[in-house]
Amino acid sequence: MRKVLLVLVILLAVGLVAADRLGVRVAQNEIGKQVAAQYQLSQRPDVTIHGIPFLTQAVGGDYDKIDVAIGDWTEQGVTVHGVKIEMRGVNAPLSQVTSGNAESVTARTATASAVLPYSVIKERAPKEVKGIAPKGDDLQVELTGAVLGFPVTGTAIVKVKPTAKGISITPVSVGSNGSSQIPLALVQRRLTWTVPVANLPVGSRITAIQPTPEGLRVAATADNVRLNDLPNA
């Protein structure tokens, strides 16, 4: 009898685990469909619901963390790569999720991150900028040309800063091959530019920028986010 009971307990546990994993897949697919519809994405994003067991979270409608990987995203003609949204404190009533209605799905906080490639930054740069690479918290650009008759051949260190109009890129020092003779104010007047991506898909302005080998990693965080409102960011 003990062996029979043990087998029944094992089978029940396996069944519950299977049901739990099936449930999380269904929920992830449904949330992915909702996000794709909201953003008119050609592909459904990858959704990961964290926390075990899933069914306990689903019944209560409260989830600690949900990650959404969107991929490429375009704003004002500028495409950023690897867009990910980390939602914390998500409230998603089970009836809403299963019915495909995102109206009541909210997150206490949502943080989006993405990479802005250097090639995209260079497309918007003045013609004198020939190359861009990370330099600590700043960028180093290769310069060739002239500014108001002064030759500029060498490198410049530029700072990146999020603004309401996008990511502002401003020289803070110029040197080598005669370029250091040019007043910095003149260089800044000619070689300051803005990449017009100010927001990420959480309804909030970019506030954090970190140079990486692939490009600028940018991030934005918003509070009390409604999934249904994300496309209006």
Side-chain angles (χ1 to χ4, degrees), residues 28-29 31-50 63-90 92 102 105-125 129 131-141 158-170 192-233:
Q28 288 174 165
N29 287 339
I31 292 175
K33 285 196 299 184
Q34 292 175 18
V35 173
Q38 294 292 329
Y39 280 104
Q40 298 181 347
L41 302 175
S42 58
Q43 292 185 340
R44 184 184 305 173
D46 292 330
V47 178
T48 302
I49 298 176
H50 297 270
Y63 304 82
D64 179 58
K65 179 183 176 184
I66 296 179
D67 291 336
V68 180
I70 292 179
D72 291 353
W73 186 71
T74 302
E75 182 194 9
Q76 298 189 58
V78 178
T79 299
V80 294
H81 300 327
V83 177
K84 296 181 180 179
I85 302 175
E86 178 186 289
M87 297 186 290
R88 292 278 190 172
V90 179
V105 177
T106 60
R108 185 178 63 251
T109 62
T111 299
S113 63
V115 173
L116 176 63
Y118 293 126
S119 59
V120 174
I121 298 174
K122 187 176 179 297
E123 287 175 1
R124 304 276 177 166
V129 175
I132 301 175
K135 183 75 171 180
D137 292 333
D138 302 319
L139 299 178
Q140 178 174 286
V141 299
V158 299
K159 280 193 172 298
V160 292
K161 177 183 177 182
T163 71
K165 294 183 179 180
I167 297 175
S168 175
I169 303 169
T170 305
T192 293
W193 74 99
T194 298
V195 181
V197 53
N199 303 313
L200 290 179
V202 293
S204 185
R205 186 176 300 168
I206 292 171
T207 56
I209 302 177
Q210 179 61 51
T212 73
E214 294 76 28
L216 294 179
R217 178 163 292 280
V218 296
T221 299
D223 298 324
N224 302 317
V225 175
R226 294 168 60 92
L227 182 62
N228 215 31
D229 292 341
L230 290 182
N232 300 320

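For the single chain, residues carry numbers from 1 onward in sequence order. It should be emphasised that the depicted structure is a prediction, and the values quoted were computed from it without experimental measurement.
Across all non-hydrogen atoms, the minimal contact from Met87 to Ala110 is CG-CB, 4.1 Å. Nearest heavy-atom pair, Ser168 versus Thr163, reported as atom, atom and distance to 0.1 Å: CB-CG2, 3.8 Å. Nearest heavy-atom pair, His81 versus Pro117, reported as atom, atom and distance to 0.1 Å: CD2-CG, 3.3 Å. Among all heavy-atom pairs drawn from Arg124 and Gly77, the shortest one is NH2-O, 3.7 Å. A pairwise comparison of heavy atoms in Gly136 and Pro211 identifies O-CG, 3.6 Å as the closest pair.
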Please lay out, stage by stage, how Leu216 and Leu139 fare under the test side-chain contact (heavy atoms from CB on, under 4.5 Å). CA-CA 9 Å; Leu216 294 179; Leu139 299 178; 3.9 Å; yes
Evaluate the criterion side-chain contact (heavy atoms from CB on, under 4.5 Å) for residue pair Gln140 and Val158; output intermediate values, then yes/no. CA-CA 6 Å; Gln140 178 174 286; Val158 299; over 6 Å; no
Val120 vs Thr79, side-chain contact (heavy atoms from CB on, under 4.5 Å): CA-CA, chis, key distance, verdict: CA-CA 8 Å; Val120 174; Thr79 299; 5.8 Å; no
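When Ile209, Val115, Asn199 are each tested for a side-chain contact (heavy atoms from CB on, under 4.5 Å) with Val218, only one passes: Ile209. For the side-chain contact (heavy atoms from CB on, under 4.5 Å) with Ile121, the lone residue among Ile132, Ile167, Val141, Val160 that qualifies is Ile132.
Proximity of Ser113 to Arg217: side-chain heavy atoms (C-beta onward) are separated by under 4.5 Å at one or more points. At a threshold of 4.5 Å between non-hydrogen side-chain atoms, the residues Ile85 and Pro201 count as touching. Looking only at side-chain heavy atoms (C-beta outward), Ile206 and Leu200 come within less than 4.5 Å of each other.
By the 4.0 Å N-to-carboxylate-O rule, Asp223 lies too far from Arg108 to be salt-bridged with it.
Put simply, the side chain of Ser204 gets close to the backbone of Thr221: a donor and an acceptor are under 3.5 Å apart. Side-chain atoms of Thr212 come within 3.5 Å of backbone atoms of Gly215 as a donor-acceptor pair (strictly under, hydrogens ignored).
In this structure, Thr170 OG1 and Lys161 NZ are separated by 8.0 Å, a value rounded to the nearest 0.5 Å. To the nearest 0.5 Å, atoms CD (Glu214) and OH (Tyr118) are separated by 8.0 Å. Once rounded to the nearest 0.5 Å, the distance linking CD1 of Ile169 with OG1 of Thr194 reads 7.5 Å. Atom OG1 of Thr192 sits about 13.0 Å away from atom NZ of Lys159, to the nearest 0.5 Å. Remark: Lys122 NZ to Trp193 CH2 distance equals 10.0 Å, nearest 0.5 Å.
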